[in-house]
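One-based numbering, in listed order, for ligands and for the atoms of each. Computed from heavy atoms alone, side chains included, the values below leave out hydrogens, waters and symmetry copies. On a predicted model such as this, the values are computed, not experimentally measured, just so you know.
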Amino acid sequence: MNFGFEHSYATLPPQCFVDVAPTPVASPELLVFNTALASFLELDAGLADHAASLLSGNELPGDARPIAMAYAGHQFGNFVPQLGDGRAILLGERRGLDGELHDLQLKGSGRTPFSRSGDGRAAVGPMLREYLISEAMHALDIPTTRSLAVVATGEPVRREEILPGAVLTRVAASHLRVGTFEYFAARADHDALRALLDYSIGRHAPALASAPVPALAFLKWVADRQAALIARWLGVGFIHGVMNTDNMALSGETIDYGPCAFMDHYDPATVFSSIDHRGRYAWGNQPAIAQWNLARFAETLVPLIDPDQAVAIQGATAVINRFPAEFEARHQQLLRAKFGITAVRESDAALASRFLALLQQSRADFTLAFHHLAAAALGATHEGPLRALLGNADGLDDWLQEWRMRQQPDSLSPADRHAAMRRVNPAFIPRNHLVESALNAASDRGDLAPFRSLLAVVQHPFQDHPGRESWMQPPREEERVPATFCGT
Ligand code: AMP
Ligand code: MG
């Protein structure tokens, strides 16, 4: 059976990857399958009755060429010269209905030469977590890798406890990371760097091949994608949790769902990851970290930008220094949409920060506050839920009055403004306490029903889901799950 695979990555110099096949598993059982994504990739027929064995690595499509990719990365600020796919294997690339190539990668498919002391495996809980949150992000209109399936392996994996094992099939625009370039920069392998740059441009931004300085143009392209992405993350309260340079995709997709979570009550310092002790990857720190990561990327490109190092560094620095402004422009644009404002005014940023300050003061839930604000767009008689959520915070009256004045020039009807706000402010996010309890049911008891119910809701985050109103609420104190774990 063939998947119609292409293997463009395997045309890169041999030091960019190793050929390695998945290690078969004991008894593959399909836990979740993404029918919509399979149709988009036109893989429905090819997978048919073989999904469990094909998507666990037990059976390889005839045209697969399994490889593990080499990459390095800065983890929590420290450079690790060799990471690489230690538990992931690329089967090949497949063209989707969009005409673009998409990587099909098995995650948890066994050891590779990059595994170091790891077992190359993954557990059911974390793989279902990646499936759920990546699909929620996609539904929230945020660029992300996707999940085609989770297959239970029937084998135990040893972590702090013994857990059931699983393999996830990840679909990505590519798996090129900042860390991919860092791997070769650290080895001063300019041939590989040049080949990677040409490849990246060809795959993601072919028009840049004819730019005056393609390396610089690509750096700017990647920076713009990241600016847009991080603005989108902030807009829904998403905290990636482990923004190491090996977890930053050049395509601008969100990648690597480890200890990520969504913020409940508004506080820019919010951290969930159990290993992020200093808040390096806190919600509000993500734009600065993105810029830091982009600077690491820029360093790898210096030899490709200009033979004169000083000239190269000057060009790269200019791009990196522009990042905060590029980010802020996108962030403000998104905030305007969240507040239901269409015309641009200089005072918009101040209006937004005053509202956020009110949320922080009253420890109000970020998602719910914007949902209630959308209701308030229908008129003053619809302000009740927002007022209750903010405990009638001091300054709310003034703020609401200013917000209503601010709406006057843009002549939207209340119903239209409400509808526009509902389209950008989700009612449902995968709240951490709900995610944890759904994953525990699946992992501990093999009960996938809670997972499926939650998935069905977060796949349509902007709609009402009658009967599921309680899932719009932040956790009660006793329900809070304050920390998430990497689960590797
Ligand atoms: P991550 O924290 O998932 O971004 O992974 C960081 C590095 O650790 C990557 O090189 C992974 O391939 C590797 N890694 C994570 N978990 C495992 C595992 N169970 N076995 C082998 N390698 C792993
Ligand atoms: Mg990673």
Colleague: Where on Asp256 is there a heavy atom closer than 4.0 Å to ligand 1, on the side chain, on the backbone, on both, or on neither?
Modeller: side chain
Colleague: Could you walk me through whether Val80 and Tyr71 satisfy the side chain to side chain contact (heavy atoms under 4.5 Å, CB included) test, starting with their C-alpha distance in whole Å, then the side-chain angles of each, then the deciding distance to 0.1 Å, before giving a yes or no?
Modeller: CA-CA 9 Å; Val80 183; Tyr71 57 85; over 6 Å; no
Colleague: What class does the angle between the rings of His74 and Phe79 fall in, given that below 30° is parallel, 30 to 60° is tilted and above 60° is perpendicular?
Modeller: tilted
Colleague: For the Mg ion (ligand 2), find the closest N/O/S atom belonging to Asp256 and write down its atom name.
Modeller: OD2
Colleague: Take every heavy atom of Arg159, measure it against each atom of ligand 1, and state whether any distance is under 4.0 Å.
Modeller: yes
Colleague: Of all the atoms in ligand 1, which lie at a distance below 4.0 Å from a heavy atom belonging to Gly120?
Modeller: 18 (C), 19 (N), 20 (N), 21 (C)
Colleague: Is the ring centre of His102 less than 6.0 Å from the ring centre of Phe40?
Modeller: yes
Colleague: Show the atoms of ligand 1 that are less than 4.0 angstrom away from any heavy atom in Asn247.
Modeller: 4 (O)
Colleague: State the atoms of ligand 1, each with its element, that fall below the 4.0 Å cut-off from a heavy-atom position in Asp246.
Modeller: 4 (O)
Colleague: Counting only nitrogen or oxygen atoms and a 3.5 angstrom limit, does Gly84 reach ligand 1?
Modeller: yes
Colleague: Decide, yes or no, whether a salt bridge links Arg159 with Asp119 under the criterion of side-chain N to carboxylate O below 4.0 Å.
Modeller: yes
Colleague: Of the listed options (Gly258, Gly86, Gly179, Ala68), which comes nearest to atom 21 (C) of ligand 1 when hydrogens are ignored and any heavy atom counts?
Modeller: Gly86
Colleague: What class does the angle between the rings of Phe366 and Phe370 fall in, given that below 30° is parallel, 30 to 60° is tilted and above 60° is perpendicular?
Modeller: perpendicular
Colleague: Arg116: heavy atom below 4.0 Å from ligand 1, yes or no?
Modeller: yes
Colleague: Just which atoms of ligand 1 are under 4.0 Å from any heavy atom in Gly118?
Modeller: 20 (N), 21 (C)
Colleague: Report yes if the side chains of Leu43 and Leu37 come closer than 4.5 Å at any heavy-atom pair, otherwise no.
Modeller: no
Colleague: Could you tell me which atoms of ligand 1, counted from 1 in the order shown, lie closer than 4.0 angstrom to a heavy atom of Arg121?
Modeller: 19 (N)
Colleague: Counting only heavy atoms closer than 4.0 Å, does ligand 1 sit against the backbone of Phe114, its side chain, both, or neither?
Modeller: neither
